[in-house]
Amino acid sequence: QVQLVESGGGSVQAGGSLRLSCAASGSSLRGDCMGWFRQAPGKMREGVAAIYPRGGSTYITPSVNGRFTISQDNGKNTVFLQMNSLKLEDTAMYYCGAKASGNCWNTGSLYPLLPADYDDWGRGTQVTVSS
């Protein structure tokens with residue numbers, strides 16, 4: 001099992017930037033997929049971004065593509081989510097997830113990055129975007 005701790009959330013005005021971090025510990029990540037997900041009040045958790053092990057291919061959900069990027073520092077077992085040009089609708093609790101095996105996302109699926117496919121979770125970090 002992997003322990004995940006998110007940090008970097010906060011309050012920011014629309015158009016601003018935040019960088020979220022997810023520190024992983026416990027079992028070796030080995031081939032774990034790492035992903036970022038978010039959940040706004042009254043809404044279901046949704047996938048935001050994912051990255052293959054050792055900083056391989058990445059997936060960014062269309063609603064944030066061009067504004068968010070995901071990256072990984074393998075030496076520190078840390079995954080980052082750089083969020084630029086933040087919008088009011090980006091307000092949510094952001095969660096880091098890890099998946100031990102299989103595809104990190106489902107290419108060609110209507111919903112490629114599903115929370116149900118991920119095994120381990122952090123407690124989340126709140127991002128609030130105001131006008």
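Just the heavy atoms: all of them, side chains too, but no hydrogens, waters or symmetry mates, feed the values below.
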When rounded to the nearest 0.5 angstrom, what distance separates CZ in Arg38 from CG in Asp90? 5.0 Å

Identify whether Ile70 and Val127 are in the same connected component of the hydrophobic contact network (ILVMFWY, side-chain heavy atoms under 4.5 Å). yes

Path from Tyr111 to Val64 over hydrophobic side-chain contacts below 4.5 Å: no

For a 4.5 angstrom cut-off between non-hydrogen side-chain atoms, does Val48 reach Leu113? no

Looking at Tyr118 and Ala50, what are the two nearest heavy atoms and their distance? OH-CB, 3.7 Å

CG/Leu114 to CH2/Trp105 distance, rounded to the nearest 0.5 angstrom? 13.5 Å

With no hydrogens and no angle check, is any side-chain donor or acceptor of Thr91 less than 3.5 Å from a backbone partner on Val129? yes

Joint cluster assignment, Leu88 & Leu18, ILVMFWY side-chain distance < 4.5 Å: yes

Can you tell me how far apart SG (Cys33) and CG (Asp119) are? Round to the nearest 0.5 Å. 9.5 Å

Do Tyr59 and Phe37 land in one hydrophobic cluster if side-chain heavy atoms of ILVMFWY residues count as linked below 4.5 Å? yes

Restricting to non-hydrogen atoms, name the atom on Arg45 and the atom on Pro115 that form the minimum distance, rounded to 0.1 Å. O-CG, 3.5 Å

Distance, nearest 0.5 Å, that separates OG1 of Thr128 from CG of Leu86: 10.5 Å

Any chance you could lay out the side-chain contact (heavy atoms from CB on, under 4.5 Å) test for Val2 and Asn77, step after step, and finish with the verdict? CA-CA 11 Å; Val2 178; Asn77 280 351; over 6 Å; no

Please give me the minimum heavy-atom distance between Ser17 and Gln82, naming the atom from each residue. CB-NE2, 4.0 Å

Looking only at heavy atoms, which two atoms of Ser21 and Thr78 are closest? And how far apart? CB-CG2, 4.3 Å

What distance do Ser101 atom OG and Asp32 atom CG have between them, rounded to the nearest 0.5 Å? 8.5 Å

Under 6.0 Å between ring centres, would you say that holds for Trp36 and Phe68? no

Euclidean distance, Leu81 CG relative to Met34 CE, rounded to 0.5 Å: 12.0 Å

So, Tyr52 side chain and Cys104 main chain: donor-acceptor pair closer than 3.5 Å or not? yes

Would Thr125 and Ser7 count as a side-chain contact (heavy atoms from CB on, under 4.5 Å) here? Give the steps. CA-CA 6 Å; Thr125 185; Ser7 62; 5.7 Å; no

With a 4.0 Å cut-off, would you call Arg123 and Glu6 a salt bridge? no

